[in-house]
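A short write-up of the structure that comes next.
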Amino acid sequence: MDLIWNPPLHEAYKILLSKTQNSNEENGFDELLAVEECEVPVIDVSRLEESDEVRREECKCEIFKACQEWGLFQVVKHGISNGILRGLRVEQEKIFKQPFEKKSKENTFFNFSSGSYRWGSPNATCIRQLSWSEAFHIPLTDILMPSAGSNTFSWRIQEFGSQVSILAQTLADILAHKMGHKCSFFEENCLASTCYIRLNRYPPCPFPSQVHGLMPHTDTAFLTILHQDQVRGLQMVKDGKWISVKPNPDALFIIIGDLFQAWSNGVYKSVEHRVVTNPKLERFSMAYFFCPSDDTLIESCTEPSLYNKFSFGEYRQQVRDDVHNFGYKIGLPNFLTRTGTTFDAPLQHSNV
Ligand SMILES: O=C(O)CCC(=O)C(=O)O
Ligand SMILES: [Fe+2]
């Protein structure tokens, strides 16, 4: 029997799962678990604070290279203390271990906007689109409002958010500078109140080789700063192949998102990633999405542009519409210009 805090994933997926078992659809499913493990680039960002310009430049070049070649890398010596990370992790566990009924009424019990609590894949039409997970996707504006009240949870979120936002601004400035833009764009448009925090929980899954924890997707933000626990699960595409990302408790993982790919005109890679489940262990992760306000216009910083201009709000709406209509996000391919090359859209979940 499911624990009272688990969302009813079994019940919701019963029909799709039994159809698959009867039709042997899983034979056509790529092997989720037998994926090679790999250590993604590790960058010591404490060098950015050093007085030696050569050391600072060396670090910036590593960041630039990782964003072009990987789209996902880890930073160590990032200055965010273990206390802050552990503090939020404790609160995260507490909030997920509330009864499902209570979590579903997030606007009543936790003062979050409705729609902040998400579970599974409500629009899935096939087994590949299922996600065995639940999440609180929280606009930071909800936490910063005076009406949010002061409780340990919101205090921990604010503490984490304010620290990682400094790291996000620093990385974004380096990436802008490397594209020849010494601009205040990020400082002006990506504010504390326009960013999002997403807390993920992946309950143990009885069908780990068939069902994703989080279906393949790219992140919508400029960049994501991710902290994951020791339980393996994150995988990314590298050179057309899925590889498993080794957890590192000392690191924060940086993931380039769609907005940076569009802004950099394809130089920085919004990398496709997914999470696989574990049959016995639950897994937690927390993500900070570095985003601008909805009216911010995103346009390529070089010509000819691969993508048509769009506002962040327009992009988010398109993602929501696609998820509603097709069960997955299409993302940047919707905005390609004639110059932009066409490619097959991967199946996506929505993190907007
Ligand atoms: O749980 C993870 O490791 C990744 C989460 C993720 O990709 C997301 O929230 O967008
Ligand atoms: Fe993601």
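Residues take their numbers from the sequence shown, with the count starting at 1. As a basis for the values below, the full set of heavy atoms in this structure was taken, side chains included, without hydrogen atoms, waters or symmetry mates. Order of listing sets the numbers, starting from 1, for every ligand and every atom in it.
- H273 contributes NE2 and H217 contributes NE2; the angle these two atoms make at the Fe ion (ligand 2) is 90°, rounded to 10°.
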Is there a side-chain contact (heavy atoms from CB on, under 4.5 Å) between K329 and T218? Walk through the geometry before answering. CA-CA 9 Å; K329 162 184 166 185; T218 56; 3.4 Å; yes

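- A side-chain donor from one of D322 and N334 sits under 3.5 Å from a side-chain acceptor of the other.
- Near R198, meaning under 4.0 Å from one of its heavy atoms, ligand 1 places the atoms 9 (O).
- For the pair F253 and ligand 1, no heavy-atom separation below 4.0 Å is found.
- If you look at D219 and ask which of its N, O or S atoms sits nearest the Fe ion (ligand 2), the answer is OD1.
- The distance from ligand 1 to the heavy atoms of R283 drops below 4.0 Å at these ligand atoms: 1 (O), 2 (C), 3 (O).
- Residue contacts with ligand 1 for F289 involve side-chain atoms from C-beta outward but no N, CA, C or O (heavy atoms, distance under 4.0 Å).
- Scanning for side-chain hydrogen bond (donor to acceptor under 3.5 Å, both in side chains) contacts around E106 gives an empty result, with sequence neighbours left out.
- With ligand atoms numbered from 1 in the order given, ligand 1 contributes 7 (O) to contacts under 4.0 Å with heavy atoms of H273.
- Under 3.5 Å, the side chains of Y202 and E134 contain no donor-acceptor pair of N or O atoms.
- V75 has its side chain out of reach of I63: every pair of non-hydrogen atoms, C-beta onward, lies at least 4.5 Å apart.
- Heavy-atom distances between R274 and ligand 1 stay at or above 4.0 Å for every pair.
- Taking the centre and axis of the six-membered ring of F160, the NZ or CZ atom of R156 falls outside the cone set by 45° and 6.0 Å.
- Residue contacts with ligand 1 for L226 involve side-chain atoms from C-beta outward but no N, CA, C or O (heavy atoms, distance under 4.0 Å).
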Do D258 and S270 pass the side-chain hydrogen bond (donor to acceptor under 3.5 Å, both in side chains) test, and can you show the C-alpha distance, the side-chain angles, and the key distance before you say yes or no? CA-CA 5 Å; D258 299 343; S270 178; 2.7 Å; yes

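- K269 forms no cation-pi arrangement with W70, by the criterion of a distance under 6.0 Å to the ring centre and an angle within 45° of the ring axis.
- Near Y202, meaning under 4.0 Å from any of its heavy atoms, are these atoms of ligand 1: 1 (O), 2 (C), 4 (C), 5 (C).
- No part of I255 comes within 4.0 Å of ligand 1, judged by heavy-atom distances.
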